[in-house]
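In what follows, a single structure is set out as structure tokens and then discussed.
Just so it is clear: chains get the letters A, B, ... in the order the sequence lines come, proteins before strands, and each one is counted from 1.
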There are 2 protein chains.
Amino acid sequence: MAEDRRQAGAGRGVTMRDVAERAGVGLATVSRVVNGTSAVTPELADKVREAARDLGYRHDATASSLRRADRRTDTVALVLEDVANPFSSALQRAITDAASERGVLVLSGSSDENPIRERDLVETFTARRADGLIVVPTGRADDALRAAQSFGTPLVAVDRMVELAGVDTVTVDNREGTAAAAERLRAAGHRRVAYFGDQPSIWTAGERLAGFFDVFPQTPAGPVCRGLTSVEQAEQTAREALAAPEPPTAFVSGQNLITIGIRRALQEAGLEHRIALVGFDDFPLADLLTPGVSVIAQDPAQLGREAASLLFARLDGYEGPARHTIVPTRYIARGSGEIPAPAG
Amino acid sequence: MAEDRRQAGAGRGVTMRDVAERAGVGLATVSRVVNGTSAVTPELADKVREAARDLGYRHDATASSLRRADRRTDTVALVLEDVANPFSSALQRAITDAASERGVLVLSGSSDENPIRERDLVETFTARRADGLIVVPTGRADDALRAAQSFGTPLVAVDRMVELAGVDTVTVDNREGTAAAAERLRAAGHRRVAYFGDQPSIWTAGERLAGFFDVFPQTPAGPVCRGLTSVEQAEQTAREALAAPEPPTAFVSGQNLITIGIRRALQEAGLEHRIALVGFDDFPLADLLTPGVSVIAQDPAQLGREAASLLFARLDGYEGPARHTIVPTRYIARGSGEIPAPAG
DNA sequence: TTGAAAGCGATACCAT
DNA sequence: ATGGTATCGCTTTCAA
């Protein structure tokens with residue numbers, strides 16, 4: 001009860017100076033005890049800790065970082081496309097875990113594929129003096145990235161390559177992964193294969209489309225649609241493709257939402273067992289649908305770990321040339337990609 | 001080119017003092033221009049901005065907050081259960097959006113339902129001087145929450161109630177929502193209904209179970225399993241329930257992963273069209289499965305917006321009693337919940 | 001080992 | 001409207 005009273009309203013406003021006074025020691029000694037840096041007589045240390053407890057003292061990381069020689073804030077920032085999307089949140093989770101092992105916190109924001117928001121976020125995060133930045137770049141705000149870099153903030157691009165010297169990157173083998181999946185369709189007899197992908201300004205979209213073209217270079221292969229960004233849009237476009245005189249016998253999708261949109265259109269037309277579908281990027285429950293959706297799966301957690309590892313290497317003093325890590329994708333056969341082309 | 005050169009290596013280490021010197025004005029004037037607080041002669045202001053640009057000056061939010069009267073960091077922190085889970089990430093997204101409208105950044109971390117991690121996160125976030133905290137409480141680290149509160153950091157609990165005076169909360173109508181869904185099953189003739197929920201220490205789990213008991217109070221209603229935490233565990237347990245001599249004719253699930261686990265077991269046994277299933281919390285693709293999975297849907301984005309609104313009200317000076325917002329759930333009929341009890 | 005004092009970069013007050 | 005200056009809470013020499 002008395003304890004509660006003493007602490008009530010305490011905390012905010014209690015400084016090391018107050019603790020020092022109460023413990024009858026110097027300010028510097030309190031700092032030493034709190035940070036556990038240099039040795040302090042156990043007896044004194046106890047007095048300090050007691051005073052700190054009594055006063056409800058909370059170390060102020062803000063002020064600490066301001067004065068510290070390395071000026072570290074022990075914070076890294078994350079610019080995602082959209083946290084609410086499972087790929088992004090898995091990425092965030094992996095990075096946060098890696099950071100938290102080092103006592104580093106993570107700030108994050110979503111660009112929504114909008115370069116203006118990306119620029120905003122990068123600038124805000126640098127103003128907050130994040131120790132480093134991990135960005136899923138839209139590809140259209142590289143100036144902001146360069147600015148952050150020239151300011152001295154280490155930068156890692158994840159998921160997508162970026163046209164900037166000195167930036168470490170982590171990507172998956174988009175082109176090879178897509179080509180391998182397309183090749184399976186070709187081997188299963190498919191000749192009219194549609195490719196649905198998103199905005200070509202996104203690096204991954206370009207790579208995946210290139211992988212598709214590696215296998216189906218010719219126009220009659222089937223309709224190629226880019227710039228798809230939502231489930232609804234993909235669904236509508238797929239519906240139209242299915243209504244064409246010679247509809248595709250298989251679909252390749254460059255992205256999660258598009259895969260789902262195509263599948264919706266397929267189910268609506270009752271064609272999910274007749275027309276093949278392979279999507280890039282796995283999604284929950286893909287295996288519970290009938291038939292299961294075959295995908296080119298990437299491992300976002302692995303991507304996140306690699307990105308964190310590259311960033312922390314920089315923070316630990318690595319000054320070498322930019323490194324580019326490529327994480328392999330993996331084809332998961334669940335049925336929808338194994339539907340053969342109709343005979344004839 | 002010359003521009004680039006001038007900025008190369010600039011930035012880090014450039015202070016307002018440097019800008020002031022270069023612009024030939026006082027330090028205070030630079031501060032005024034940067035913050036746009038009091039008026040400055042346009043001519044001078046331009047000189048300052050030019051000097052800042054030339055030097056690659058970046059405002060230091062850290063130092064700023066240290067000196068500012070209100071000591072605001074313009075940062076709020078978020079303690080989630082697990083960012084990688086769609087409910088949490090939708091919550092984070094909504095909160096981040098609300099925050100960003102006010103120029104506020106958000107730090108976040110996952111407790112994984114572990115009170116020790118929750119305590120850790122709350123303490124770290126307070127040390128970083130977050131202006132406020134939004135927490136999905138495990139229910140077993142309330143001491144840490146109280147500490148943060150007594151330190152003066154406004155606190156909002158979201159998704160779950162917390163046994164602490166003065167904490168604003170946002171929850172959904174767990175009990176009523178579950179009861180309403182259970183009532184539908186009862187009306188459809190179901191008498192042996194199983195309830196699968198997660199750890200009873202979680203507030204929502206208790207509420208939902210209570211809602212179920214409101215409708216099926218008797219033991220012979222069906223097996224009641226608590227403490228389920230993963231898809232696999234739920235699947236295994238459901239499998240066992242189905243193998244019993246008198247298996248349930250319907251399942252009610254208290255949570256996402258459990259719903260999916262039950263559904264897997266059902267599909268494995270080929271019973272998804274014969275045995276009813278209603279889950280709490282919606283999930284992507286629930287409608288694409290056949291039959292679609294009926295759910296008691298909550299709106300995490302709405303929860304997030306309400307939480308942000310309560311927190312910002314506190315930051316804007318609201319000092320009244322704690323407020324408790326309840327966001328309604330909504331039953332979505334997709335088929336699996338509309339399977340009637342077998343005749344006889 | 002300990003304490004005094006000098007800043008970290010910025011804001012806010014007080015003169016001018 | 002502008003400049004000087006005293007802090008904000010802490011870390012880090014530098015002496016003692």
For a 4.5 angstrom cut-off between non-hydrogen side-chain atoms, does [X] reach [Y]?
| X | Y | value |
| --- | --- | --- |
| A:T75 | A:R128 | no |
| B:F87 | B:D82 | no |
| A:V40 | A:T29 | yes |

Looking at every strand, decide which applies to [X] at a 4.0 Å heavy-atom threshold: base, sugar-phosphate, or nothing.
| X | answer |
| --- | --- |
| B:R32 | base |
| B:L27 | base |
| B:A20 | nothing |
| B:V34 | nothing |
| A:V40 | sugar-phosphate |
| A:A39 | sugar-phosphate |
| B:V30 | nothing |

Take the protein atom [atom1] of [X] and the nucleotide atom [atom2] of [N], then report the distance between them rounded to whole Å.
| X | N | atom1 | atom2 | result |
| --- | --- | --- | --- | --- |
| A:R12 | D:dC8 | CZ | P | 16 Å |
| A:D18 | D:dC8 | CG | C1' | 13 Å |
| B:E43 | D:dT2 | CD | C1' | 14 Å |
| A:L66 | D:dT7 | CG | C1' | 12 Å |
| A:R17 | C:dA6 | CZ | C1' | 13 Å |
| B:M16 | C:dG7 | CE | P | 20 Å |
| A:N35 | D:dC10 | CG | C1' | 9 Å |
| B:E21 | C:dG9 | CD | P | 14 Å |

Toward the 5' end of DNA chain D, by each residue's nearest nucleotide, A:T37 or B:L44: B:L44
Nearest to the A:T15 side chain among D:dG9, D:dT11, D:dG3, which nucleotide is it?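 The nucleotide sitting nearest to the side chain is D:dG9.
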Of all the nucleotides listed (C:dA10, D:dG4, C:dG9), which has the minimum atom distance to the side chain of B:A28? D:dG4
Has B:R323 got its NZ or CZ under 6.0 Å from the middle of the six-membered ring of B:Y318, at an angle within 45 degrees of the ring axis?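 Yes, B:R323 and B:Y318 form such a contact.
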For a quick test of reading the model: is some side-chain N or O of [X] closer than 4.0 Å to OP1 or OP2 of [N]?
| X | N | result |
| --- | --- | --- |
| A:T29 | C:dT2 | no |
| A:S31 | D:dT11 | yes |
| A:T41 | C:dT2 | yes |

Before you tell me yes or no, could you show the steps for A:Q302 and A:R305 under side-chain hydrogen bond (donor to acceptor under 3.5 Å, both in side chains), namely the whole-Å CA-CA distance, both residues' side-chain angles and the distance that decides it to 0.1 Å? CA-CA 5 Å; A:Q302 179 65 13; A:R305 279 189 295 270; 2.9 Å; yes
Kindly determine whether B:R119 and B:D143 satisfy salt bridge (charged side-chain N to carboxylate O under 4.0 Å, His left out), including the steps that lead there. CA-CA 8 Å; B:R119 190 185 331 262; B:D143 52 320; 2.3 Å; yes
